[in-house]
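All remarks here apply to the structure that follows.
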Number of protein chains: 4
Amino acid sequence: MARLSQKMKEMVTENMRRTIFETSEKIILRDGIDGLTMEHLAHEAEISAGSVYNYFENKEEIIDGVMKNMFHRLLENLETISGANVPTHEKLHGIAKFMFDDFSQKRRLFDVLMDRRHFHKHSKKKRAEGHMKLLNIISGTIKNGIDSGELHAVEPELAASVFLGMVRELQIDHAGIFKKCNSQELADKVMLIYLSGIENKGAK
Amino acid sequence: MARLSQKMKEMVTENMRRTIFETSEKIILRDGIDGLTMEHLAHEAEISAGSVYNYFENKEEIIDGVMKNMFHRLLENLETISGANVPTHEKLHGIAKFMFDDFSQKRRLFDVLMDRRHFHKHSKKKRAEGHMKLLNIISGTIKNGIDSGELHAVEPELAASVFLGMVRELQIDHAGIFKKCNSQELADKVMLIYLSGIENKGAK
Amino acid sequence: MARLSQKMKEMVTENMRRTIFETSEKIILRDGIDGLTMEHLAHEAEISAGSVYNYFENKEEIIDGVMKNMFHRLLENLETISGANVPTHEKLHGIAKFMFDDFSQKRRLFDVLMDRRHFHKHSKKKRAEGHMKLLNIISGTIKNGIDSGELHAVEPELAASVFLGMVRELQIDHAGIFKKCNSQELADKVMLIYLSGIENKGAK
Amino acid sequence: MARLSQKMKEMVTENMRRTIFETSEKIILRDGIDGLTMEHLAHEAEISAGSVYNYFENKEEIIDGVMKNMFHRLLENLETISGANVPTHEKLHGIAKFMFDDFSQKRRLFDVLMDRRHFHKHSKKKRAEGHMKLLNIISGTIKNGIDSGELHAVEPELAASVFLGMVRELQIDHAGIFKKCNSQELADKVMLIYLSGIENKGAK
DNA sequence: CATGAATGAGCGTTCATTCAT
DNA sequence: TATGAATGAACGCTCATTCAT
């Protein structure tokens, strides 16, 4: 009985944390990180401002959690794609495509990652770790491609970083060149250059 | 006489705006965007806080200007590099190298570009314009390379965007993989993949 | 049976109150009055925050009780000292010495007495009563000394108040002049002046 | 002209600081230290909350200043009394009387001195310094009395501390024994015991 | 009677912008 | 045009008390 109520409590707590995470994410996606004030969050989650502090130490912990969750979901999906039994170039294409899709929905969350205000020592380290995991999935995929002879013997970490950069740039698309392209087309475009490069070898 | 004093006034105004821009840039580079308070700026520029509003509508306009100036200088330099009489791959290498160098000095300014707080309707448009100019230089270079047969017939805007993304990712280097590399080495790495791609064609 | 369970209930209640008092005192002595939050108290007493309100009206009542208990113990000890069969000046010396000792251990509790935040109407009256008891012990001792001819015919309440003041000042020792003195030395010093005064009568 | 406006500015600033000090003091005397919120203060001083921060770094600085001013005025008065050309016992009587008068008006300010919340490292040191100055005036007076043969060769610092304690106790008068006495009578009472002690020497 | 999450008023402080001088 | 003090809304966070379970 005690164990039951203990479990109940944990479930309620976990549920509350999830609600707060989801509400926070919703607000960030709608209003940006500056729209996420504690009062705003509490109101939207239909609790009081003070209540939030029963579940989180402070605002930073909430934001960290939201980011971590987003990253977690992203990594899970990428790992699935990366683990499929298809040629390497298809895996990379799938990764790119997924990121384009995800980003178009989660753009504001990714913005937070870029916001220097949230680069404190602690979270900086977490960011680096998260990034490393992301890179590891891609570089692992590339490493496999090299081992299987599908890819050149490039530095996997470099190739992975570069791949990420290409995808990110088309995602953000500051100049609005690719806003008419869907994720499939964008992934095609990235892969075209990423696989073959731009140099005309035959011309040499 | 009226015209003369009119001109004088404009010169004074222009001088004032420049001073404010330069001071703002100095502060951002030193303290980050959050260190740029109007009071701080006014004090460092040796004017009064209220005075700033005689030359600028609001803080956003100042930040926009600083960004624009930074962009302007960057574009000038890249145009020079792009205009040199060397093979296309050397031009692109030079562009990458310059950006790595510039970024390591101006990191804090580039941070601002990534900060969604400064993405309002008005400045968003300006950002897009600036970005387009940057892309145009690179895509122009690429177009020339295609015309001269040095490069494949890729979409120049796409190739330029992708190039930018690669460079940006290695610049930011969230995971800290490349912090030991200097700009020359980074540019080498980027070009390696950018020119040849990662696919092992011979294996097919 | 009803009476028995009634008694049981009262015992449980009394036990609960004592636990809360003791825990509060421990916290105050360790962390100061500001460390005594209801949550902190409840956790350390291993009960729930809400439960405390079954035994006390509010926080103030708890603090009042802690103070009263402290006072009670102090008074008991002073009464013992005062009741001893020794010359009056030795009794007073003993009282002073005990207070110095007590204070050095209970400093944080005495701080609370000085803190105006806890001077509400209700507790003010209680404070006055407690104080009066303390004064009564000392003034009683003095009265005895007067009756026995050991002391001048001073006003006992005045002499007692003044005695308390002297002791308190050396206890608190804001300027840190006497921090090297132990309780014996401090009591010696107090008695030296208290008994003989500072005036040089022979000089007149 | 520049000097004039500079002076003007300083005067205005000084005036503002004084207003804030006086308002703060008024509030503390009326409502206690907890009544002194920044909003409250600003409202009563008829300025905005933000304005206060043009003249003071933070709330602590204001409280420190109020205390310092109070102390300063007290010390000035005591020095005047102490410097008079009268017998030592009259000086001490005057000091006691003044303190009784002052305290009856400034009780709430003295409370702040006793409030542990305002005992941070920095202000603790200031408190000790202030206290030392107060003690020095009294101990100086006593020293003169000793040199002139009016007083015994007691330790001046001890005698001064003890004197302060006696006065303080009658000032605070927790038990309410002396609330009917005016400052003259209280000073008489203190001096009676302080000069001659309570011991009946003749009886020995 | 025990629980402990929910409450919500209240705190000190910041800073872009305004405006009387 | 220059000044810089005044503004005031907004922020994250605390904690004694309440009350549904």
Side-chain angles (χ1 to χ4, degrees), chain A residues 2 5-6 8-9 12-13 15-16 34-43 45-63, chain B residues 9 12-13 16 34-43 46-63, chain C residues 9 12-13 16 34-43 45-63, chain D residues 2 5-6 8-9 12-13 15-16 34 36-43 45-63:
Chain A
S5 80
Q6 174 67 12
M8 280 293 279
K9 201 184 94 182
V12 169
T13 291
N15 196 52
M16 205 69 198
D34 285 338
L36 183 70
T37 70
M38 295 308 275
E39 197 179 277
H40 218 121
L41 165 59
H43 180 260
E46 290 178 313
I47 54 177
S48 71
S51 264
V52 181
Y53 289 85
N54 285 327
Y55 302 100
F56 295 94
E57 205 61 38
N58 50 38
K59 193 182 179 182
E60 194 188 340
E61 193 185 329
I62 297 174
I63 297 176
Chain B
K9 213 174 74 180
V12 169
T13 291
M16 208 66 200
D34 286 340
L36 183 71
T37 68
M38 296 306 275
E39 195 188 15
H40 212 127
L41 165 59
H43 178 259
E46 290 176 316
I47 57 175
S48 71
S51 264
V52 179
Y53 287 84
N54 286 325
Y55 302 102
F56 295 94
E57 203 60 37
N58 51 36
K59 193 183 178 181
E60 192 190 339
E61 195 185 328
I62 298 173
I63 296 176
Chain C
K9 215 173 75 181
V12 169
T13 292
M16 208 68 201
D34 285 340
L36 184 71
T37 68
M38 296 306 274
E39 196 187 11
H40 212 127
L41 165 59
H43 178 260
E46 290 177 314
I47 54 175
S48 71
S51 262
V52 180
Y53 287 84
N54 287 322
Y55 302 101
F56 295 95
E57 204 60 38
N58 51 36
K59 193 182 179 181
E60 190 190 339
E61 195 185 328
I62 298 173
I63 297 176
Chain D
S5 78
Q6 173 68 12
M8 280 291 278
K9 200 183 94 181
V12 169
T13 290
N15 196 53
M16 206 68 199
D34 285 339
L36 183 71
T37 70
M38 296 306 276
E39 197 179 277
H40 216 121
L41 165 58
H43 180 259
E46 289 177 316
I47 56 178
S48 72
S51 264
V52 180
Y53 289 84
N54 285 326
Y55 301 101
F56 295 94
E57 205 60 38
N58 49 39
K59 193 183 178 181
E60 193 188 340
E61 193 185 329
I62 298 174
I63 297 177

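Protein chains get the first letters and strands the later ones, always in sequence-line order, with residue 1 at the start of each. Everything numeric here is computed off the predicted structure, so don't read it as measured data.
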statement: Assert: residue with more 5' nearest nucleotide on DNA chain F, out of E57(A) and A49(B), is A49(B)
statement: Walking DNA chain E from its 5' end, the first of G50(A) and I47(C) to be reached, judged by nearest nucleotide, is I47(C)
query: Could you state the CD-P distance from E46(A) to dG8(E), rounded to the nearest angstrom?
result: 14 Å
field: side-chain N/O S48(C) vs dG4(E) OP1/OP2, d < 4.0 Å
entry: no
query: Would you say E61(D) has more than 12 foreign heavy atoms packed within less than 6.0 Å of its CD?
result: yes
- prompt: Considering every strand shown, what is the Watson-Crick or G-U wobble mate of dA20(E) when both distances are under 3.5 Å?
  reply: dT3(F)
I62(D) CD1 to dG12(E) P, straight-line distance once rounded to whole Å: 10 Å
field: Whole-Å gap separating C1' (dC11(F)) and CG (L36(A))
entry: 12 Å
query: Which pair of heavy atoms, one from A42(B) and one from S48(B), lies closest together, and at what distance?
result: CB-C, 3.6 Å
task: Verify the contact: side-chain N or O of Y53(B) to OP1 or OP2 of dT1(F), cut-off strictly under 4.0 Å; return yes or no.
output: no
message: From CE of M38(C) over to P of dT7(E), roughly how many Å is that when rounded to an integer?
response: 20 Å
- request: List the steps and the verdict of side-chain contact (heavy atoms from CB on, under 4.5 Å) for M16(B) and N54(B).
  value: CA-CA 10 Å; M16(B) 208 66 200; N54(B) 286 325; over 6 Å; no
field: Presence of N54(C) side-chain N/O under 4.0 Å of dA2(E) phosphate oxygens OP1/OP2
entry: yes
field: Euclidean distance, atom CD of residue E39(D) to atom C1' of dT14(E) [Å, nearest integer]
entry: 15 Å
message: Restricting to non-hydrogen atoms, name the atom on I62(B) and the atom on F56(B) that form the minimum distance, rounded to 0.1 Å.
response: CG1-CG, 3.5 Å
query: Taking CD from E60(C) and P from dC15(F), how many angstroms apart are they, rounded to a whole number?
result: 18 Å
- prompt: Could you state the CG-P distance from N58(C) to dC15(F), rounded to the nearest angstrom?
  reply: 17 Å
message: Could you tell me how far apart D34(D) (CG) and dG12(E) (P) are, to the nearest whole angstrom?
response: 10 Å
Presence of Y55(D) side-chain N/O under 4.0 Å of dA6(F) phosphate oxygens OP1/OP2: yes
query: Looking at the side chain of T37(B), which of dA16(E), dT7(E), dG12(E) is the nearest nucleotide?
result: dA16(E)
query: When we call it a touch if two heavy atoms are under 4.0 Å apart, what does L41(D) touch: a base, just sugar-phosphate, or nothing?
result: nothing
statement: K59(A) and L36(A) have their tightest heavy-atom pair at NZ-O, 2.7 Å
task: Considering just the side-chain nitrogens and oxygens of S51(B), establish if one lies under 4.0 Å of OP1 or OP2 belonging to dT3(F).
output: yes
- request: Report the nucleotide, chosen from dT7(F), dT1(F), dT17(F), that has the shortest atom-to-atom distance to any side-chain atom of K9(B).
  value: dT1(F)
